[in-house]
Structures are given as C-alpha cells and as structure tokens.
Amino acid sequence: MPLPDDVQVISVDDHVIEHRRVWVDRVPSKFGDAIPHIRRMDDGNDWWFYEGQKAGNFALNAVAGKPWDQFNTDPRTYDDMRPGCYDIAERTKDMDADGVWAQMCFPNMAGFAGRIFESSTDKELGHACVVAYNDFILDEWCGYAPGRQVPVMLLPYWDVEASVQEVYRVAGKGAKTYTFPELPHMRGLPSYHTSHWDPLFAATQETDLTVSIHFGSSGKSDMTPQGGMKVIHFGGAANPAKLADHQGNAINDIAIMGLNSAFAMAQLLTSPAFHKFPRLRFALSEGGIGWLPYMLERIDYVWERHRSYNKQVNQEVPPSVLFRDHIFGCFISDNAGIANRHLIGIDNIMFESDYPHADSNWPHSRKMLAEALAEVPDDEARKIAEDNARRVFNFPRTA
C-alpha cells in the first residue's frame with residue numbers, strides 16, 4: 001500500500017555538492033589560494049584545490065538523474081550535474097519531485113567527516129574551513145527553507161577542545177548532529193575505548209546532538225585484497241586517478257563498505273561511551289540494516305562468554321540492550337532488514353535516499369520506499385519513514 005499522504009518522508013543521508021564560493025566567501029582572505037576553490041582544468045574538468053593541491057572531483061558523487069549505464073568514475077563539472085546538487089533552491093525542487101520532505105546532507109569536498117581538513121598542513125586554516133562550512137550549512141543551505149534540511153555539522157575533531165567549542169557554537173545556531181569518523185583509530189586517533197573523546201561526548205549529550213558516523217568517513221576500506229590495485233579512498237570528493245586503477249573491484253568495495261559500520265557499532269557497544277554518557281546517540285549513516293540482527297545476536301553471544309576477563313566491558317548490560325537506546329541504522333534498499341525489522345527494533349530504523357550519489361533512486365525515492373514497506377503496518381511505516389528521524393535528531397515538524 002502507498003505511504004499515507006500525510007507522512008513527511010525524511011532522508012537521514014544525502015549529500016551537498018558545495019558550490020564554488022562556499023569557502024572563498026567565508027574563510028579569512030589571509031589564507032590566499034590555500035582556501036578551497038574550484039579550478040577548471042585544461043581538459044575541461046572542475047577540480048577542488050586546497051593548500052595548493054588537487055583535493056578531488058565529483059565523479060560518482062553527483063550522478064542523480066543519470067541512467068545507470070552512464071555512471072562512471074570520470075571527472076565532472078558543475079555543468080555536468082543537476083543544479084540540485086549544489087543549489088539549495090533547485091535541491092528543494094528535486095526533493096519535491098522525489099517525495100522527500102526533509103534531508104540530512106553530508107559534505108563532499110572535505111570528506112564525509114572532514115578528513116581533508118584534518119590532513120591540513122595549516123591546522124588554523126583547517127579549523128577556519130570547518131567553521132566556514134558550518135556557517136554555510138546553517139545560514140545558506142538550511143536557512144533557505146526551514147524544516148526541509150536537518151543541519152549536519154563538521155568538527156575539527158583532531159582538536160578535542162576546539163571541537164567542544166564548535167559543538168556549543170553550532171548547537172546555539174540550530175545544529176542537530178555532527179559527522180564524525182566511524183572508526184577514529186583508522187585515522188591514527190584514539191579509539192572509542194579511551195577517555196580521549198569524553199569532553200566531546202559530554203558536550204554532545206548536554207546539547208542533545210546526535211553523532212552521525214557515515215560509512216567510509218575514516219577514509220578507506222581495509223577489507224579489499226590489494227593484489228597490486230590501489231584502494232579506493234572513501235568519504236571525500238572522488239579522486240578518479242585512484243578510482244581508475246581500482247575500477248575492476250569498485251563493486252566489491254562499495255558493496256562491503258557497510259561493514260565499516262558494523263565494526264564501528266561493535267567498538268561502541270563494547271566501549272565505556274554509553275555507560276559514561278547515557279543519553280548519547282549514534283546514527284550509522286549509509287550503513288544499511290540487513291546485517292544488524294546477526295550482529296546483535298552474535299555480539300551478545302560473545303559478550304556472555306568473554307566478558308569475565310574483558311574487564312573494560314560492562315559486565316551487567318548486554319550490548320544489544322545498549323543498542324536499543326543508543327544506535328540507529330538507516331537503509332536505501334534493504335529487504336532483508338525490513339523483513340527482520342523486529343529483530344532490530346522498529347524504533348531504531350530510518351530511511352535514506354542518498355541524493356545525488358550513485359545509490360540514489362531519484363526521483364522515485366518515496367515510491368520505492370512505499371513498495372519496500374508495502375507489507376509493513378502503517379504505524380511502523382510512519383516510524384521508519386518519518387517519526388524515528390524526528391526523534392533521533394530532535395527535528396520536530398514545522399508544517
């Protein structure tokens with residue numbers, strides 16, 4: 001059956017292709033040409049440059065509306081993508097065509113959690129770029145049509161004190177969530193099992209923000225056999241020079257990337273984070289949900305047998321119990337997850353459309369979601385399509 005007409009579908013994972021002037025209009029001019037900017041190259045392609053180096057192109061990140069057989073890893077220009085990728089007025093029209101009321105957009109140029117800025121030679125510039133991006137999202141992107149965009153922030157996560165300050169700043173301006181590397185230890189940073197992130201998580205809990213960990217935000221998959229091929233670096237503007245050498249196995253990489261979300265979930269559920277911060281919430285962005293029932297069963301099974309000598313793990317609360325209150329998954333197309341939704345928990349499932357990436361079904365997202373939920377009772381479908389996202393991200397209806 002179709003979704004009831006009054007359901008306002010919320011997608012909790014989409015992406016903004018930043019327009020050319022996001023940073024040059026907002027970062028102090030003293031940083032000169034090191035500021036992120038677009039150059040059109042001699043071959044006619046647009047490239048982001050940052051600190052004097054190429055920082056990526058768009059490729060598969062801006063293909064909404066193209067036939068699948070035209071998807072490829074070639075560089076692109078702004079002229080070769082839908083204006084809705086980078087223009088908020090056009091994006092809102094594309095959302096209306098797609099039957100999606102509200103979106104939650106992750107960044108593109110700097111990576112899903114800002115790892116390009118983390119890698120800055122000049123960390124002062126990297127911090128300034130984070131602040132500029134957040135102001136763009138809050139004032140321009142989300143300010144265009146209030147209630148249609150859920151504000152997703154970047155943090156200078158390489159500096160915990162600065163991150164805490166930014167959390168308070170953006171929360172005061174209406175932020176609902178920030179994006180964070182799903183596996184920080186892959187970036188050479190302390191893991192969730194340490195106390196390193198405690199000040200940040202304390203501020204997150206106090207401001208009632210949700211932590212969004214998008215698959216690939218740590219930068220790359222370590223699960224792909226090398227065999228002389230280069231690994232695709234995920235979570236940033238696509239680099240076709242790297243993708244080209246790896247194209248034969250791109251299907252493998254993209255298909256299994258959701259397992260990074262499984263690794264992150266296991267890390268979190270066996271860490272002290274949710275015991276120290278009982279109101280902390282993590283969203284597994286673009287991680288899928290079909291694997292969740294097995295993972296929840298397996299982690300409890302292992303916990304029961306091995307908790308006694310793993311003293312850093314809570315001895316009383318099974319990981320699956322922690323999951324119910326603290327971790328939330330989302331899906332684009334996931335029949336296995338929908339069929340086993342009660343093993344996951346109806347309150348822990350949300351929808352995503354992934355516009356304008358290659359997984360997007362634009363302009364048929366609402367139609368395909370309705371088909372996926374055809375056998376699901378209306379009260380459950382409403383939670384999955386809208387209500388859970390509003391609760392998890394503290395994003396009440398405005399119309």
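For the numbers below, each heavy atom of this structure counts, side chains included, while hydrogens, waters and symmetry mates do not.
Expressed to the nearest 0.5 Å, how far CG of L280 lies from CG of D325 amounts to 11.5 Å. The CZ atom of R397 sits 8.0 Å away from atom CD1 of I10, with the distance rounded to the nearest 0.5 Å. Between the CZ atom in F106 and the CD atom in E352 there is a gap of 9.0 Å [rounded to 0.5 Å]. Rounding to the nearest 0.5 angstrom, the gap separating the NE2 atom in H326 from the CE atom in M265 is 13.0 Å. For the atom pair L189 CG and L183 CG, the distance stands at 11.5 Å (nearest 0.5 Å). Taking CD1 of I289 as the start and CE of M295 as the end, the distance is 16.0 Å to the nearest 0.5 Å.
Residue pairs that meet the salt bridge (Lys or Arg N to Asp or Glu O under 4.0 Å) test with at least one member in residues 24-33, sequence neighbours left out, are R21-D25, R26-E140, K30-E124.
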Would V131 and R169 satisfy side chain to side chain contact (heavy atoms under 4.5 Å, CB included), going step by step from the backbone distance to the final call?
CA-CA 10 Å; V131 171; R169 187 184 79 88; 3.5 Å; yes
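Salt-bridge formation is detected for the pair E118/R187: a Lys NZ or Arg NE/NH1/NH2 atom is positioned less than 4.0 Å from an Asp or Glu carboxylate oxygen. Salt-bridge formation is detected for the pair D135/K173: a Lys NZ or Arg NE/NH1/NH2 atom is positioned less than 4.0 Å from an Asp or Glu carboxylate oxygen. Residues R366 and D98 are not paired through a salt bridge, judged by the lack of any N-O separation under 4.0 Å between the basic side chain and the carboxylate. At a threshold of 4.0 Å, the pair R148-D96 counts as salt-bridged, since one of the basic side-chain nitrogens sits closer than that to a carboxylate oxygen. A salt bridge is absent between K383 and E380: the closest approach of a Lys/Arg side-chain nitrogen to an acidic carboxylate oxygen does not fall below 4.0 angstrom. Using a 4.0 Å cut-off between a side-chain N of Lys or Arg and a carboxylate O of Asp or Glu, D208 and R281 qualify as a salt bridge. Classification of K123 and D159 as a salt-bridged pair fails, no side-chain N sitting under 4.0 Å from a carboxylate O. Ion pairing between E386 and R390 holds under the 4.0 Å rule for side-chain N and carboxylate O.
Looking only at atom types and distance, the side chain of S360 has no donor-acceptor partner in the side chain of S353 under 3.5 Å away. The closest side-chain donor-acceptor pair between Q103 and S11, if any, does not fall under 3.5 angstrom. A donor-acceptor pair shorter than 3.5 Å cannot be found between the side chains of T270 and Y192.
The cationic atom of R20 (NZ for Lys, CZ for Arg) lies less than 6.0 Å from the six-membered ring centre of Y78 and within 45° of the ring axis. Figure legend: R39 and F49 shown as a cation-pi pair, the cationic atom lying under 6.0 angstrom from the six-membered ring centre and within 45 degrees of its axis. A cation-pi arrangement is not found for R40 relative to W47, the charged atom failing to lie both closer than 6.0 Å to the ring centre and inside a 45° cone about the ring normal. For R305 and Y301, the positive end sits near the middle of the six-membered ring, less than 6.0 Å away and at most 45° from its axis.
Side chain of N388 to main chain of M350: no donor-acceptor pair is present (N/O by atom type, distance under 3.5 Å, no hydrogens or angles). One N or O on the side chain of R341 and one on the backbone of I338 form a donor-acceptor pair closer than 3.5 Å. Within the 3.5 Å criterion, the main-chain N or O of C105 finds no donor-acceptor partner in the side chain of D14.
No single ILVMFWY cluster, assembled from side-chain heavy atoms under 4.5 Å apart, contains both V152 and Y178.
The closest side-chain heavy-atom distance from V63 to P356 is not below 4.5 Å.
No more than 12 heavy atoms of other residues, nucleotides or ligands sit less than 6.0 Å from atom CD of E161. Other residues, nucleotides and ligands contribute over 12 non-hydrogen atoms within 6.0 Å of the OH atom of Y168.
Relative orientation of the F117 and W23 rings is perpendicular, given thresholds of 30° and 60° on the angle between their planes.
Just one residue in the list F282, F180, Y157 forms a ring-ring contact (aromatic ring centres under 6.0 Å, His included) with W197, and that residue is F180.
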